[in-house]
2 protein chains.
Amino acid sequence: MNQNNKPTIKDVSRKAGFSITTVSQILNHKGQRFPPETQRLVQAAAEELGYVANFSARNTRLATQQRTIGVLVPQIQNPFFGNLFRGIQDYIYNEAIDAILVSTDSDQRKAHRYLEHLIQRSVDGFIIATQLDSQDPLLQKLQRMHIPYVLLDQNEGDEVGDQIIVNEQQGGHLVAEHLAAVKQGPIILVVPQQQSSNIQTRIAAVRAGLAQHQIPAAAIYDYQVADLTKLAGTAVGKQIMADFAGVSALTIWAVDDEVAIGITKAIQQAHKQIPATVKLMGYDDTDYAEYLNLTTIHQPITTMGHKAAELLKERLEDPTRLRQVIINDVKLIQRGSTK
Amino acid sequence: MNQNNKPTIKDVSRKAGFSITTVSQILNHKGQRFPPETQRLVQAAAEELGYVANFSARNTRLATQQRTIGVLVPQIQNPFFGNLFRGIQDYIYNEAIDAILVSTDSDQRKAHRYLEHLIQRSVDGFIIATQLDSQDPLLQKLQRMHIPYVLLDQNEGDEVGDQIIVNEQQGGHLVAEHLAAVKQGPIILVVPQQQSSNIQTRIAAVRAGLAQHQIPAAAIYDYQVADLTKLAGTAVGKQIMADFAGVSALTIWAVDDEVAIGITKAIQQAHKQIPATVKLMGYDDTDYAEYLNLTTIHQPITTMGHKAAELLKERLEDPTRLRQVIINDVKLIQRGSTK
DNA sequence: ATGAAAGCGCTAACAT
DNA sequence: ATGTTAGCGCTTTCAT
């Protein structure tokens, strides 16, 4: 028994009456040379003690290790990131990789703390889906330390790590096309205060598309949310409903579904009808968008998780290979909220 | 450089021109006895090489280790479990514990595979929120191996592990009271095919409460779902809408919010109105219930995660202490779907 | 058929 | 002020 009072290989060896070597060999399926009786005795002793090899000791010794990666998401309560994680998990568990998940609450400071913590824990790599500036010192630290990372969804500016990105240009364009087609009254864009580069691209593409359709800038209003949550969405929603109380027709696009879903509530509370008086559109195609009849842009998030894990695994295996960037197409999902 | 071409303490020692001991001491903040210049040189060398102590080697040696626990949930895409994980995370990161999360897709076989995998990885303990029979051989294995675990939410029969449970008796009673108060037409109960013991309790309490209100058993219909997902909910929902197509008033309770949300869609597609023609009620108070105006029973899920982590941590520290069972109260959240 | 011994990377007691 | 040495639990080479 060691300090954790877990049985060690020594305990098994003593109990079985064979050397440590013999036990190790048999337990690692390299004991063909031992007579069946010996094998049985060793197995029995291990079983009886409830022995399992100490992970750290084993990994210290072994050339081919069980790997551990860190996964950073802004909000694990958001099913969008739940699905992302599912995609990651599906891939890694066939590759002897475990994932330590961390939800940062979209808080840069927390993200930093967790990232730092996981570096100290010497994880083998990262999948980062939280907003990190491409100039973020921690990203540079990862580079200096040769810890591979895959940036996902919320990042575009980084020029070093492997990346999974979505075609925001296309997404923004699809939004604009659809808004132009269904538009009624003024158009309201609900965007975040802090914009990662991909979101900037998305919004810029929306504006460009709207301009193409000759929609005057004066007919477009901007509202900001502090973070991408339902709560924040409801808050701006109320503001919008108040500001446009007298207006009988409105068109709203929110930068993501969570915010759009939050706005939904404000619209109801203002006794307006979707889509009759307010057309509403989101972005992401979260699991719940379908049940809220929300028109949105679909991102293949589970697949993206899968691919991110794959990129990281391959990078782990070949640190010198060329930088990979995978771009995903998106599509418009039209539902009742803009009928 | 070792086999992962990560720098080791040896590399740092060589580069700094001091012994391994000196480096180790200084890097672990135990180097007060060394002159500032030495400390500086060592820090600089470590920094330059991007050195971080190998986790496994360090943990092999140290008495007071960084711990790792396994967290099993049925569906991480379900925000209910996202919030659970948030609660767990909040607690453990102040306790030098990391969590490996695994989402089992409500699949017993997967749950078994992952649990087995994590045992082999010699994690220090488990928080289990997936449905596992109290007689499950893996639970017994955990007991034999003295690996502590906390059972959560979906389990009641186990007589060994620490537990966080909710007062299902109370929950079922609240459901029945509310159904009786708002009821119109026949009452439909949508329940899972496979019922863990807590869900059995919940459902039994609903039936008992209904009986108390003199509602004849003939006016209560049962429908079953294969799993607790929105998809399964929509499927039964369609069946219900078909079976009761001619009926102008209906009352439905679903065993959880996900299923209720799924049913929502079937009701819409059948062009029925909630709550005018169909009253609908769920269970869990998932984040989205509020935005879908779903009447439900609130479970303090984040707090439960927090407490589960706390129980596990304390158990890790004192394996012999008395078994703990924490019971959580629930409450009725009345919303538009039963107005 | 079995075991002794070396060594993975690290920390810490104990010299010097 | 610094280094030598032992040892954590494990796997593996090499004897016997």
Rounding to a whole Å, what distance do you find between [X]:[atom1] and [N]:[atom2]?
X: B:I26; N: C:dC10; atom1: CD1; atom2: P; result: 15 Å
X: A:R58; N: C:dG9; atom1: CZ; atom2: C1'; result: 17 Å
X: A:I9; N: D:dT12; atom1: CD1; atom2: P; result: 11 Å
X: B:R14; N: C:dC10; atom1: CZ; atom2: P; result: 12 Å
X: B:Q66; N: C:dC10; atom1: CD; atom2: C1'; result: 16 Å
X: A:N54; N: C:dC10; atom1: CG; atom2: C1'; result: 14 Å
X: A:K6; N: D:dG9; atom1: NZ; atom2: C1'; result: 13 Å
X: B:N59; N: C:dG9; atom1: CG; atom2: C1'; result: 12 Å

Kindly give the atom pairs (protein nitrogen or oxygen, nucleotide nitrogen or oxygen) under 3.5 Å for nucleotides 12-16 of chain C.
from   : atom 1 : to    : atom 2 : distance (Å)
C:dA12 : OP2    : B:K30 : NZ     : 3.0
C:dA12 : N6     : B:T21 : OG1    : 3.0

Any B:T22 side-chain nitrogen or oxygen under 4.0 Å from OP1 or OP2 of D:dG3 |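 For D:dG3, OP1 or OP2 has a side-chain N or O of B:T22 closer than 4.0 Å.
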Reckon B:T38 has a side-chain N or O less than 4.0 Å from the OP1 or OP2 of D:dT2?
->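 It does, given that an N or O in the side chain of B:T38 lies less than 4.0 Å from OP1 or OP2 of D:dT2.
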Would you mind checking if B:D11 and B:K15 are paired as a salt bridge, meaning a charged N to carboxylate O distance below 4.0 Å?
->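 Between B:D11 and B:K15 there is no salt bridge, as every charged N stays at least 4.0 Å from the carboxylate O atoms.
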What pairs with B:R67 under side-chain contact (heavy atoms from CB on, under 4.5 Å), at least two apart in sequence or on another chain?
->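 Testing B:R67 for side-chain contact (heavy atoms from CB on, under 4.5 Å), a comparison that skips the adjacent residues, returns B:I97, B:D124, B:L316, B:E317.
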Of the candidate nucleotides [options], which contains the atom at the shortest distance from the side chain of [X]?
X: A:T60; options: D:dG3, C:dC8, D:dC10; value: C:dC8
X: A:T8; options: D:dG9, C:dG3, C:dC8; value: D:dG9
X: A:P35; options: D:dG3, C:dA1, D:dG9; value: C:dA1

Applying side-chain hydrogen bond (donor to acceptor under 3.5 Å, both in side chains), which residue pairs with at least one partner in residues 30-39 of chain B are found, sequence neighbours left out?
->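 Matches after skipping sequence neighbours: B:E37-B:R40.
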Sequence neighbours excluded, every pair satisfying salt bridge (charged side-chain N to carboxylate O under 4.0 Å, His left out) that has a member inside residues 68-85 of chain A |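 Every pair satisfying salt bridge (charged side-chain N to carboxylate O under 4.0 Å, His left out) with a residue in residues 68-85 of chain A: there are none.
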Pairs satisfying salt bridge (charged side-chain N to carboxylate O under 4.0 Å, His left out), at least one member in residues 71-84 of chain B, at least two apart =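 Not a single pair qualifies under salt bridge (charged side-chain N to carboxylate O under 4.0 Å, His left out).
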B:H146: what forms a side chain to side chain donor-acceptor pair (under 3.5 Å) with it, not counting sequence neighbours?
->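 None.
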Base, sugar-phosphate, or nothing: which does A:Y51 touch, judged by heavy atoms less than 4.0 Å apart?
->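 Here A:Y51 touches the backbone only, sparing every base.
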Describe the nucleic acid contact of A:S56 in one word from base, sugar-phosphate, nothing, applying a heavy-atom distance below 4.0 Å.
->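 The answer is nothing, as A:S56 stays clear of every strand by at least 4.0 Å.
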So A:D136 and A:Q108, side chain to side chain contact (heavy atoms under 4.5 Å, CB included) or not? Walk me through it.
-> CA-CA 10 Å; A:D136 193 298; A:Q108 288 275 356; 4.0 Å; yes
